[in-house]
Amino acid sequence: MHTIDLQVLDSRMAEHIPAYATPGSAGLDLRACLDAPLTLQPGQTELIPTGLAIHIADPGLAAMILPRSGLGHKHGIVLGNLVGLIDSDYQGQLMVSCWNRGQTAFTFQPFDRMAQLVIVPVVQAAFRQVVSFDASSRGTGGFGSTGRG
Ligand SMILES: O=c1ccn([C@H]2C[C@H](O)[C@@H](COP(=O)(O)OP(=O)(O)OP(=O)(O)O)O2)c(=O)[nH]1
Ligand SMILES: [Mg+2]
């Protein structure tokens, strides 16, 4: 288990510090830090604050914000940026871009869970410029080069 610094930017979130729901959970649910209900009309996207900031600090880690499967599948609530990437040196508020890609309006109540945060390992790489690559079995083939089905 890693320990990551967290700031409560809105005191109402002190009782909603993200925590793993089960011992095997990969995601930590992020809640909407709202003063009032917020309705997303079909097609609407809003940047919703979490009231929290984290500083991951270790460049070998990052966090990803992913949709919750129930919201995405049943209600069409996914992320406006599809996936959010939190850099290890980011110290600002965690924000969640919520997009209603569905056909009906959806209302978030204050402190509803809206997305989930996953801490992931990161490998930083430096590029070494070359004029040709050692041959590989795939070569330049991609985008369906191995066939369908
Ligand atoms: O869903 C998200 C995505 C990003 N961020 C924050 C953390 C991240 O470290 C920072 C920058 O994100 P990103 O690099 O994806 O955005 P950018 O458009 O490239 O902005 P920047 O120029 O600040 O890097 O914004 C969020 O709070 N929520
Ligand atoms: Mg960036």
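Values in this document were obtained by computation on a predicted structure and should not be read as measured data. Atoms within a ligand are numbered from 1 in the order they appear, just like the ligands themselves. Values below: every heavy atom of this structure, side chains too, minus hydrogens, waters and symmetry copies.
- Backbone and side-chain nitrogen or oxygen atoms of M95 are examined, and one is located within less than 3.5 angstrom of a nitrogen or oxygen of ligand 1.
- Here the protein heavy atom with the shortest distance to atom 10 (C) of ligand 1 is Y90 CD1, 3.9 Å.
- In the vicinity of G84, heavy-atom distances shorter than 4.0 Å reach the ligand 1 atoms 1 (O), 2 (C), 3 (C).
- A salt bridge does not link D112 to R68: none of the charged nitrogens lies less than 4.0 Å from a carboxylate oxygen.
- The shortest distance between side-chain heavy atoms of N100 and Q41 does not fall below 4.5 Å.
- When each atom of ligand 1 is checked for a heavy atom of Q93 under 4.0 Å away, the hits are 27 (O).
- The proximity of D87 to ligand 1, defined as any non-hydrogen pair under 4.0 Å, involves the side chain as well as the backbone.
- There is no protein heavy atom closer than 4.0 angstrom to atom 24 (O) of ligand 1.
- Within the 4.5 Å cutoff, the side chain of V83 has heavy atoms near those of the L66 side chain.
- In this pair, H75 and F106 present their aromatic rings tilted. The plane angle is within the 30 to 60° band.
- The nearest protein heavy atom to atom 5 (N) of ligand 1 is closer than 4.0 Å.
- The protein does not reach atom 13 (P) of ligand 1 closely, with no heavy atom under 4.0 angstrom from it.
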* Asked: Which is it for E46 and L40 under the side chain to side chain contact (heavy atoms under 4.5 Å, CB included) test, yes or no, and what are the steps along the way?
  -> CA-CA 8 Å; E46 291 291 334; L40 292 180; 3.3 Å; yes
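- Under a 4.0 Å criterion applied to the non-hydrogen atoms of L85, ligand 1 contributes the atoms 3 (C), 4 (C), 7 (C), 8 (C), 9 (O), 12 (O).
- Contacts between L79 and ligand 1 below 4.0 angstrom, taking non-hydrogen atoms only, are absent altogether.
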* To do: Tell me, with the steps shown, if M114 and R31 meet side chain to side chain contact (heavy atoms under 4.5 Å, CB included).
  => CA-CA 6 Å; M114 56 182 166; R31 294 175 182 272; 5.9 Å; no
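- Between N81 and ligand 1, at least one pair of N/O atoms sits closer than 3.5 Å.
- Nearest heavy-atom pair, L79 versus W99, reported as atom, atom and distance to 0.1 Å: O-CE3, 3.8 Å.
- Here the side chains of R12 and F111 are in contact, with some heavy-atom distance below 4.5 Å.
- Inside a 4.0 Å radius of atom 1 (O) of ligand 1 there is at least one protein heavy atom.
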